[in-house]
Every structure is written in structure tokens, then in C-alpha cells.
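Read the structure below first, then the notes.
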Amino acid sequence: MDKIRIRGGRPLHGSIAVGGAKNAALPLMTASLLTDETLVLKNLPILADINTLCNLLLQHGVGIRMEGAGGDCAGRVVELTARDITNTTAPYDLVRKMRASVLVLGPLVARCGQARVSLPGGCAIGARPVDLHIKGLQAMGAEIELEGGYMVARAPNGLRGAEFVFPKVSVGATENLLMAATLAKGETKLINAAREPEVTDLAHCLVAMGADISGIGTDTLRIRGVERLHGATHRIVSDRIETGTYVMAAAITGGRLEITNTSIGLIQSAVTVLEQAGVEFSPTPDGMIVSRANGGLVGVDVMTEPFPGFPTDLQAQMMALMCTAKGAAMITETIFENRFMHAPELMRMGASITVHGASALVRGRERLTGAPVMATDLRASVSLVLAGLAAAGETIISRVYHLDRGYEQLEAKLAACGADIERLTDDD
Ligand code: UD1
């Protein structure tokens, strides 16, 4: 299995282009199931998770044409055509690789009146149930039974509009129900819906496909079902988590980076916290310039929350940053249980972290030291990369396949800005 070797202590200087958001691309690709016409998506990131979803959509009968793969990051285009859906089963083998596969459930039931989608099972960051996806679709008239590890959904006469109040904010369940409601009979009202930029991006694309949606960007979405959707061309929103990760890379190494193909507005809550910690931002037409203030970093408290709050997907990176700040920082995770697996790995690099329930108290140290560490999930892995960039000596990170799920050309982008980072393959 591949490893990444980092020799730390070099400030990063240069420019990094951010790609399209993985978490927007995945639901947008499943939206292609809602129409027999072609959906064209631009700014597609090339990542392992995108390949997994392509394989799933292919076996549902979707025709996929990719242009510019391997080329310049801004130019990637995918064309998805679900003229005939030949299979409505999403098998365990594909769903277990990536939870977001459950996003085919809503579109398949809405278009075909049936779907059989494997339950995703547990994952490294907690139980992650799908009960809200199921309850929402049931409210819209689908009959759903659990059989042999699968959700078997039937709506032979089509879905009907309903009012559904999310007891808890869920990005995936909002996306599933939003897509399903576009083809339901009558009006659907989703209350306490997720407002993440990826949900908003999906809603805009659905409108371009002919859906009737109001309240986009708020926590109440009203969808008036239409007879059919048509093809459209849509540019995927930039990846705010990739943006925030490179912001923290500049901050933790004491460097200065220009980050392009993104915007400060996408990571406003993180910017507010990071400015308090001593990170400086200046907006540019295409993104931002970020550097660390002369006085160094200071500890700040952070709590993860649904958008517009601080994103849980930046929590691990923030913890790495706080490990080298002056003073203490309390980091509280409210979205997922068991999302501090990076803490013991950071401690192997000399960090001082005490985890108590949903909070971690980080006492900043002058310096981290390189060590062999293990990646446990996507965002935890990248927090170890950040720590390695700042640490004295050599850090070797194993199980880096997690990184390939969500970061395109991570080593190349960092190396181009002066990082000493290299992938070691099995042959090395
Ligand atoms: C999405 C993101 C993920 C991010 C998360 C929270 C994608 C592909 N992934 O995941 O990177 O960390 O949002 O911002 O977009 N929950 C339930 N029942 C459900 C669904 C969710 O209890 O049916 C709970 C979850 O266990 C979790 C919380 O709700 O505690 C939020 O999860 P959710 O927003 O659904 O996350 P995902 O959509 O899976």
C-alpha cells in the first residue's frame, strides 16, 4: 500500500488551484438519473470517490463520457445520460466503498418507482444511520422495507409531495429528498433542511434541469413537482474543504499561498476563527491570499456545526493547526461521534491533546516532530499531512488511499509550493 513521506519545516510559497467539490459532484452526478436527457457537469474533480460513483451509475445503465481527464483541473467535463435505467439495484460491493452511493435512492424511486439500495453499514467516523433518508421518502409515499441488508423501496404510483421536518440537519438526506421531490406529484416542503453550499449547488442544477424549487440557500425548501426534467449544463461549485485545507497548510508552515478557483465566502466561518488565531487573508478576484501573521498562531476554541457554522470536515485540519499554536484550544465536534481518530496519531508526533467526550483540549507546542503515523479517514489523513509539513524531521503516513478519495494531486500541489513530500509506492 502506498505511503507518503514528508520532511517537514519548509514554509509553503506559491499558488494552488482548488478543484470542484467532491461533495457537490457526487449528488449532482446522481441527479442525472432523474432525466433521460444529458446532464453536463463542468469542473469535475478526478478522485477515487468519483470513479466509484461512475461505476455505480454505469451499472444502472447511465452512459458516461468524460472529457479532459488527467488534464488541467478547471477543464474537466463529464456527460451523463440516463436514457434507459436498466437496473435499479445499488449493490453492497459498491455502496460499502462509499456512503454517498445512497444518493441514488431518491432519484431511482422518483423516476422508476422502485429501488433496491444496500445499506452502507458503519464507517470509521461513527454509526452514520440513513433513517432520515428512509423516513423522508416514506412521508412522500414510498414503501420501504429492509431485506437482506438492502433498502427496498416501492412507489408504483409515483411519489407525492409532503411536508417533512428534519429532526437533525442532514446533508445527504436533504439532497436525496430534494431530488426525489422534483418529480413527485404536488408540493414538498423540507423544513430544517441542510444549507451547505453543495446542497445549494444541487438545487441550482435541478432548477436548470426544469425543477421548481424556492427557498434555495435557506433551511426551508419548497419543491413543486414537475412531470419531467430535461438536460442541462452546470459548473460544480469549488471545494470549500480543499480550500480550507490549503489555507491551513499555509498557516501551519508559516508560509504564504495564493489559493485560486475558489472564494472566501465558501469558508467564511473558518476564516473568522482563523483570523482570531492569527491567520491573515486578502481576497482576490479568483480566491484569496493567505499568510500567517508575524506574531505566530494563538489557540482558539472551535465548535463544528451545520453550515454556516464551522465544518466538521475541517475539524481534523484545525486540530493539527492548533497543535502548534500558543496556548490552548478547545475543539468540540457536534456532528459526528468518534471523529477524533487523528488525535492519537497527532500525539505520536508530540502533540498534547486530551479528548473528553465530544471535546478535545489541545495545548499548543513549540514544535511537532516527525513520526510514522496511520491515516484513518479522509480528513484525518490530511490533518497528518499538515502536521508533517510543520514537524521537524520525517513523517511517514500509511493507508493514504483515504487521501485519494478526496484530494486530487495533493502531493504535486504541495510540492510545487516548496513542500518536501513524496509518495512511496510498494516498489520503493
Ligand atoms: C456529508 C458529507 C460529509 C460531511 C457531512 C456533514 C457528502 C458526500 N459527505 O455527509 O463529508 O462530513 O455531510 O457535513 O456530502 N444522520 C442521521 N440519520 C440520517 C442521516 C444522517 O442520524 O439518516 C446524522 C449523521 O449520523 C450525522 C449527522 O446526521 O451525525 C449529519 O450527517 P449528514 O449531514 O447526513 O452527513 P452525510 O450527508 O453523510
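Atoms within each ligand, like the ligands themselves, are counted from 1 in listed order.
Remark: ligand 1 and Phe336 share no N or O pair separated by less than 3.5 Å (distance only, no angle test). The shortest N/O to N/O separation between Leu26 and ligand 1 does not fall below 3.5 Å. The distance criterion of under 3.5 Å between nitrogen or oxygen atoms is met by Asp131 with respect to ligand 1. Polar contact check, Asn23 against ligand 1: a nitrogen or oxygen pair lies under 3.5 Å apart. Checking only distances, Ile335 does come within under 3.5 Å of ligand 1, N or O to N or O. Among the atoms of Ser170, some N or O lies under 3.5 angstrom from an N or O of ligand 1.
Inspection of the Gln317 and Thr245 side chains reveals an N or O donor paired with an N or O acceptor under 3.5 Å. Under 3.5 Å, the side chains of Glu305 and Thr334 contain no donor-acceptor pair of N or O atoms. Thr262 and Thr243 are linked by a side-chain donor-acceptor pair at a separation below 3.5 angstrom, with hydrogens and angles left out of the test.
Contact between Glu198 and ligand 1 is absent, with no heavy atom of the residue lying under 4.0 Å from the ligand.
With a 4.0 Å heavy-atom cut-off, ligand 1 is reached by the side chain of Asp313 but not by its N, CA, C or O. Heavy atoms of Ala173 found under 4.0 angstrom from ligand 1: none, in either backbone or side chain. Under 4.0 angstrom from ligand 1, the non-hydrogen atoms of Val169 all belong to its backbone.
Those atoms of ligand 1 with a heavy atom of His133 less than 4.0 angstrom away are 23 (O). Every atom of ligand 1 is numbered from 1 in the order shown, and the set under 4.0 Å from a heavy atom of Val130 is 19 (C), 23 (O). Here is the list of ligand 1 atoms found below 4.0 Å of a heavy atom in Arg339: 12 (O). Less than 4.0 angstrom separates some heavy atom of Thr312 from each of these atoms of ligand 1: 6 (C), 12 (O), 14 (O). Close approach of ligand 1 to Gly172 is summarised as follows: ligand atoms under 4.0 Å from at least one heavy atom of the residue are 35 (O), 38 (O).
Between Arg339 and Asp313 there is a salt bridge, since a side-chain N of the basic residue sits under 4.0 Å from a carboxylate O of the acidic one. Using a 4.0 Å cut-off between a side-chain N of Lys or Arg and a carboxylate O of Asp or Glu, Glu408 and Arg76 qualify as a salt bridge. The pair Arg5-Glu411 fails the salt-bridge criterion, with no side-chain N (NZ, NE, NH1 or NH2) lying under 4.0 Å from an Asp/Glu carboxylate O. Using a 4.0 Å cut-off between charged side-chain N and carboxylate O, Arg405 and Asp377 make no salt bridge.
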Under 3.5 Å, sequence neighbours excluded: what are the donor-acceptor pairs made by side chains of residues 201-209?
from: Asp201; atom 1: OD1; to: His234; atom 2: NE2; distance (Å): 3.0
from: Asp201; atom 1: OD2; to: His234; atom 2: NE2; distance (Å): 3.3
from: Asp201; atom 1: OD2; to: Val237; atom 2: N; distance (Å): 3.0

Hey, can you pull the donor-acceptor pairs under 3.5 Å for the side chains in residues 153-173, sequence neighbours left out?
from: Ser170; atom 1: OG; to: Ala173; atom 2: N; distance (Å): 3.0

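With Pro306, Pro129, Pro167 as candidates, the residue nearest to atom 22 (O) of ligand 1 on a non-hydrogen basis is Pro129.
Annotation: the span from Ile353 atom CD1 to Met322 atom CE amounts to 11.5 Å, rounded to 0.5 Å.
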